[in-house]
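Computation of the quantities below employed the complete heavy-atom set of this structure, encompassing side-chain atoms and omitting hydrogens, waters and symmetry-equivalent molecules.
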Amino acid sequence: MSLKSKLAAVLTAAGLLAALLVGLTAPVANAVVPVSATVETAPIHGTGDAADDPAIWIHPTDPSLSTIIGTDKSTDGRGLVVYDLSGRELFYYPDGRMNNVDVRYNFPLGSSRVGLVGASNRVRSLDFYKVNESDRSLTKVGSFAPTANIATPRGFSFYHSPDTGKYFAYVTDIGKVEQWELDGSTGSVTGRLVRSWTVSGPAHTEGLVADDEMKRFYVAQEDIGGIWRYGAEPGDSTVGTKVVTTTEVGGDIVQDIKGISIYYGSGGAGYLLAASQGSNRFHVYTRDDNRPLGAFNIPAANGIDAVTGMDGIDVTNFGVGGPFPQGFFVTQDHANDTGRQNFKAVPWQSIAAAYAPALLVDPAYDPRKIGAGPVTPAPPDTTITSQPANPTTSTSAQFTFTSTSASATFACSLDSAAFVSCTSPASYTELAAGSHTFQVRASDQNGVDQTPASYTWTVNTPPPGGDTTPPDTTITSGPPATTTATSASFSFTSTEANSTFRCSLDGAARTACTSPQSYTGLAAGSHTFSVWATDAAGNTDLTAATRTWTVSTGGTGSTIVRESVSQATNTTAGTTLTIPKPANVVQGDLLVSCVALNGGTIGTTGAPAGWTRLAAVTTIANPKVYGYYKVATASEPASYAWTTTSTTSGGGIARYSGASGLDTAATSASGAAASSGTVPAVTTTTANAMLVGCMSVNSSSVTLTSPAGMAQAVEAGARRFELADGIQAAAGSSGTKRWTFSSAREWAGWLVGLRPKTP
């Protein structure tokens, strides 16, 4: 029985006092140090004691896209949940009562190497998933049952042998431990039992972790127990060594011992971490000889409640960027102040710095490479970045190209001729009518690109009296003349069908493009976009269509600036929509949120603390749209949760500096299916007010185009809605604001003005 179950059973004042005294008087190796969580995940789906164990998966090419994978062991939630590093839920898989979860890399599944997720399912199975790197989702790739000795699979851990390269799964329950060799050769994960034993002492075991470099396996034993260390290879002895003991027998850790994890460091350095559920502390031990180094706890801070009664933990040394540039620690939290249980994350450098002397910080050592074998550097890849139109009447052609290697040289071939050295741009003249093929390949010290970049096009000689008239090019949409947005998107057309286009920003070389063409990261100041159409006969518009606009950072003509945005989507029906806090919020910023529901409602008490409703557009069944705002305080939570009736939903928050509050009351409107929706004007009382509007449609695929003078700030919910804004220079009527839709849909929207702060 876990400590939580015991506390639930012992509800006398004396029993509670005795439990508190155990936590307060237990000796530890060093003083307990407090550290602060900076991220918490969205609540788990199940009720009661639901969340149990997290695991960290590191993205292979962009560590900032790494994820936290959490288990839900409840009977109503039951499954796995995937979160991004901000704590936002990405995917939910209600596949069973998942208890513990672990991750390994480079697992041979069929003909591929994959990131493998394994979990113990209390419905008596071990379940396996591969991580789809493109979108971070999971695909189930196998399931099998342990023997009848494992009545309820609880503890779970992977192990990858550095000696044989084989992968294993460990599972435990009430002291029984089984080791299964995994096989993915058929494309589905299967298992073969290779070792089993019973841990000596108290029966309850759950926390497991394997050290893939030191070939060690650890088992956490609850009650008056400890942590046992064994050899991890299937032929090793089943006689273990108890390396950590509880306070009842003179040790340093208060029962129950729950989750355990390994912090890897280069050269065999690192730590063994363990959760003391009875004292709400986490203990750190040396990785080599498992000496105690003291403990830490996670009190309330940064708008995140304290961690108590925790089960599973995980840690990574690897720098994943964003909030965790030097790795992080993640734990389950038994009592979450915003409702159902969730997981809390702490930057590793915060933990390391709290100790004296400081703990190791080694964010460059990559645990994904353990067991991956020697890495052979790959030859560079080659990409053609610009090329002639196809077809064209021009008898000359120019190509530009790049490589993934900064030191690469290039060789080019035209029409299957031998490759010869070339540099970008490469030009050809006096080409004959007909089809031509250009190829280019890069090479560096790691070899030659074996798949050259290639482009085929046709030179057409126009017949006498043929088409010699160039098309006209028209820009159909773009940003307003002045905007605070540092991104821009343009749509454009040609008077002739089957035309191709080339675009230029601020006088740069023309490059092939398609409508819409988008740009991000634009600097403050004036910008000019130009686009030329070329028809099927090769005639190019002699006069570009151009659009000039200004990116404003505030000051003259504008003191309100949109600084950052955030968004979230529930693609399956739920009663909570959790939106992350936008980046870099500071005290005094004005936060504006739009929430769109596919049906359902938000009650008057359904908004997060501190948010004020500015609009509720609920006159049609679907969609319903709400607007809220708040002035940021000195300590804002990592996310905000809206409570709804059960429905799919989406929401976004825009952060504005220089705004003192609402300048006008919001207007709103909704309507039956149509190709556009118009919201009535607001009347601003101050110059340089910021107009903010939200529009939602009854569709998951329709594209929305912002009103003239406004630019898109947030587009979320699989295009269920967008939040748009724009500066209104003079006080007075804004005029009606009309959004257009790519197809007719029911719609609902609102519009409001923000007042600039007085200088």
Side-chain angles (χ1 to χ4, degrees), residues 29-30 33 35 55-61 63 66 102-107 113 115 157-168 170 207-220 227-233 236 240-241 243-244 252 259-274 282-296 313-321 324-330 346-377:
N30 292 301
V33 295
V35 299
I56 300 166
W57 172 75
I58 303 172
H59 192 278
T61 58
S66 302
D102 202 6
V103 172
R104 283 300 185 274
Y105 304 91
N106 311 301
F107 179 78
R113 291 271 181 170
S157 172
F158 280 124
Y159 169 62
H160 182 208
S161 169
D163 292 343
T164 64
K166 294 180 178 180
Y167 290 76
F168 300 89
Y170 287 100
L208 306 179
V209 71
D211 188 325
D212 289 4
E213 288 184 326
M214 294 186 173
K215 298 184 288 186
R216 293 174 173 178
F217 173 63
Y218 296 89
V219 179
I227 300 177
W228 290 83
R229 186 178 72 204
Y230 300 85
E233 293 293 325
D236 287 340
T241 301
V243 296
V244 174
D252 70 309
I260 52 179
S261 187
I262 298 289
Y263 178 94
Y264 284 99
S266 55
Y271 306 101
L272 170 68
L273 279 73
F282 305 91
H283 288 248
V284 180
Y285 303 89
T286 56
R287 186 175 163 213
D288 51 2
D289 58 5
N290 305 135
R291 288 178 291 107
L293 298 177
F296 64 91
I313 63 173
D314 200 8
V315 66
T316 181
N317 65 294
F318 194 71
V320 294
F324 308 119
Q326 295 179 297
F328 70 101
F329 170 84
V330 61
V346 181
W348 176 255
Q349 66 269 25
S350 299
I351 298 172
Y355 280 71
L359 300 181
L360 169 73
V361 177
D362 190 0
Y365 184 64
D366 191 346
R368 296 170 297 178
K369 296 179 180 178
I370 298 172
V375 177
T376 302

Taking Y159 as the fixed residue, which of R104, E233, R216 is the one that meets the side-chain hydrogen bond (donor to acceptor under 3.5 Å, both in side chains) rule? E233
Roughly how far, to the nearest 0.5 Å, is CD1 of I260 from OG of S157? 8.0 Å
Side chain proximity check, [X] to [Y], heavy atoms < 4.5 angstrom:
X: Y263; Y: F329; result: no
X: F296; Y: Y355; result: yes
X: P162; Y: E213; result: no
X: I262; Y: L272; result: yes
X: Y271; Y: L360; result: yes
X: V315; Y: V330; result: no

Main-chain N/O of A269 paired with R287 side-chain donor or acceptor, under 3.5 Å: yes
Between Y218 and N290, is any side-chain donor less than 3.5 angstrom from a side-chain acceptor? yes
Side-chain donor-acceptor pair under 3.5 Å between Y285 and D252, yes or no? yes
Relative to the ring of Y167, is the ring of F107 parallel (under 30°), tilted (30 to 60°) or perpendicular (over 60°)? perpendicular
